[in-house]
Amino acid sequence: MRLGQEPATGTLKSAHAPTCPVPELPEVETIRRGLERELVGRRVEAAEACGGPLRSPSPLPLGRLAGRRFAAARRHAKFLLLDLDRGVLVVHLGMTGKLLFAAQGGPRRAHTHLVLRLDDGRELRYVDPRRFGMLRLYRDARDVEEARHYGIDALDPALDDAVLGALLQRSRAPLKAFLLDQTKVAGLGNIYACEALWRAGLSPRRLARNTPASRVPALRGAIVGVLHDSLAQGGTSFNDYVDHIGQPGRFLLDLAVFQRDGGACRRCDADVRRIVQSGRSTFFCPGCQR
DNA sequence: ATGATCTCCTGAGCGC
DNA sequence: TGCGCTCAGGAGATCA
């Protein structure tokens, strides 16, 4: 799932292991940093679409990609915003999306959807087996709907206790649903939402607006903390990606509750439980998350 | 307007 | 072993 080299042979293994490496904010940020080093300054010599359609609303206008040069790599929540000298290529990796560098003309992995031939002899490829990803090309950075529609990025320093508290007060959803709602705080997925609530000692079933003001700092600290911890380890994994194909950074992350139902909570020794909220698995400790 | 539910898709993992 | 079923997940569309 990371930015890396296309393996010479063999297939990606354990891509759908129980702790499936779904790209979330830390993974996307890690990839962004890699693209900043590897892609910015490169010119697209040719663009080719292949494979089935993604979730993109319309086919990518490939003609407008050719000849463009990458100027910057930004991120908003789980979206990569790749600025070109004219326009912006927006990438969402969905569940299984990967951006891979490969030698020009080399064998292509199944489910390759986009190939950008670069001016340095390489190709940048978008590979996505489940096709939940999204590729969109905008003429102007101000037109990027994904950035406008989404709420404040979870790692934006502007997300202070007062801002988070106000967002919580305006919501009638349970805390878990609140954290997954990208229009409120953007960037948390299922894993980090569960882990952040455990760290904060807050029940996922508690209504967001019933979060006492005194506990807002703990929740904000938990959100930022779990993302930073993961980011630190995602970066580690990124650096030696070539030797660890299919070994997600999250493997290294110390998960307290996610997919640990039936196990003992390390804080209070109660049994970790799994429930379903909004059609998504929630893992939490009923003993110490109130 | 808001929150809940459905939908898309593939492959892992299970039971038979 | 091999088939068929269930499940997981993010986000847009749709429903209540």
Side-chain angles (χ1 to χ4, degrees), chain A residues 1 10-29 31 50-59 75-81 90-99 109-114 126-136 144-151 153-154 166-196 204-211 227 230 245-248 250-251 253 255 257-261 274-283:
Chain A
M1 53 147 287
T11 53
L12 192 70
K13 59 178 183 178
S14 71
H16 303 281
T19 45
C20 179
V22 176
E24 296 197 33
L25 189 152
E27 289 73 20
V28 177
E29 174 61 20
I31 292 163
C50 40
L54 299 169
R55 283 160 30 79
S56 314
S58 58
R75 178 190 60 77
H76 186 78
K78 299 173 213 171
F79 286 94
L80 286 165
L81 310 178
V90 175
V91 180
H92 194 293
L93 300 171
M95 303 285 301
T96 52
K98 304 167 195 67
L99 285 168
R109 190 183 294 192
H111 308 296
T112 297
H113 298 284
L114 178 71
Y126 180 73
V127 180
D128 188 353
R130 288 190 198 175
R131 291 198 262 148
F132 272 28
M134 196 181 296
L135 298 169
R136 292 183 80 174
V144 177
E145 293 172 17
E146 286 77 9
R148 281 201 307 253
H149 171 65
Y150 273 44
D153 189 275
L167 287 168
L168 288 163
Q169 283 305 307
R170 282 202 291 271
S171 170
R172 280 176 290 178
L175 269 174
K176 172 69 182 321
F178 171 88
L179 291 181
L180 287 182
D181 185 343
Q182 303 294 305
T183 67
K184 307 288 196 305
V185 175
L188 288 176
N190 206 25
I191 295 172
Y192 297 124
C194 291
E195 292 297 312
R205 294 187 283 204
R206 175 194 285 268
L207 292 184
R209 61 164 40 169
N210 290 344
T211 307
L227 291 174
S230 175
I245 300 294
Q247 291 297 314
R250 186 166 308 115
F251 249 50
L253 184 66
L255 296 174
V257 287
F258 190 78
Q259 290 181 343
R260 298 184 65 110
D261 46 318
R274 173 187 179 273
I275 59 173
V276 174
Q277 292 179 289
S278 311
R280 290 282 172 266
S281 292
T282 294
F283 300 88

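These numbers come from a predicted model, not from an experiment. Throughout, protein chains are lettered first and strands after them, A, B, ... in sequence-line order, and every chain is numbered starting at 1.
Comparing B:dT5, B:dC9, B:dG3 by their closest approach to the side chain of A:S278 singles out B:dT5.
Atom-to-atom, CG of A:L93 to C1' of B:dC9 comes out at 16 Å; the value is rounded to the nearest Å. The distance between atom CG of A:L207 and atom C1' of B:dT2, rounded to the nearest whole Å, is 13 Å. When rounded to the nearest whole Å, the span between CZ of A:R209 and P of B:dA1 equals 17 Å. In this structure, A:R170 places its CZ atom 13 Å from C1' of B:dA1, rounding to the nearest Å. Note: NE2 (A:H111) to C1' (B:dA12) measures 13 Å, nearest angstrom.
Across all non-hydrogen atoms, the minimal contact from A:K176 to A:C194 is CE-SG, 3.9 Å. Nearest approach of A:L188 to A:E24, heavy atoms of both residues: C-OE1, 3.9 Å.
By the side chain to side chain contact (heavy atoms under 4.5 Å, CB included) test, A:R205 pairs with A:S203, A:R273, A:I275, A:Q277, A:F284, sequence neighbours left out. In this structure A:F132 satisfies the ring-ring contact (aromatic ring centres under 6.0 Å, His included) test with no other residue, sequence neighbours excluded. Annotation: side chain to side chain contact (heavy atoms under 4.5 Å, CB included) contacts of A:K78 (sequence neighbours excluded): A:V28, A:H92, A:Q182. With sequence neighbours excluded, the residues that form a side chain to side chain donor-acceptor pair (under 3.5 Å) with A:R274 are A:S281. Every residue meeting the side chain to side chain contact (heavy atoms under 4.5 Å, CB included) condition with A:A154, not counting sequence neighbours, appears here in chain and number order: A:L25, A:V185, A:I223, A:L227. With sequence neighbours excluded, the residues forming a side chain to side chain contact (heavy atoms under 4.5 Å, CB included) with A:S171 are A:A173, A:F178, A:K184, A:A208, listed by chain and number. Residues that satisfy the salt bridge (charged side-chain N to carboxylate O under 4.0 Å, His left out) test with A:E29, not counting sequence neighbours, are A:R32, A:R33, A:R75.
Residue contacts for A:F178: at a heavy-atom cut-off of 4.0 Å it reaches no nucleic acid atom on any strand shown. The residue A:G189 sits close only to the backbone: its heavy atoms come under 4.0 Å of sugar-phosphate atoms, none of a base.
Fit an axis to the five pairs at each end of the helix from B:dT2-C:dA16 to B:dC16-C:dG2 and the two axes sit 50° apart, to the nearest 10 degrees.
Ring pair A:Y126/A:H113 is tilted by interplanar angle, where 30° to 60° counts as tilted.
Residue whose closest nucleotide on DNA chain B sits further toward the 5' end, between A:R131 and A:G279: A:G279. Summary of the strand contacts: A:F132 and A:A177 both lie near DNA chain B, and taking for each the nucleotide with the nearest heavy atom, the more 5' one is attributed to A:A177.
Reading DNA chain C from its 5' end, the first and the last nucleotide to sit under 4.0 Å from a heavy atom of chain A are C:dA8 to C:dG12.
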Next on the checklist: Does A:V90 form a side-chain contact (heavy atoms from CB on, under 4.5 Å) with A:M134? I'd like the steps, not just the answer.
Outcome noted: CA-CA 8 Å; A:V90 175; A:M134 196 181 296; over 6 Å; no

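Remark: A:T96 is not in phosphate contact with B:dT10, judged by side-chain N or O atoms under 4.0 Å from OP1 or OP2.
Using a 4.0 Å cutoff on non-hydrogen atoms, the parts of residues 179-187 of chain A near DNA chain B are A:K184, ordered by number.
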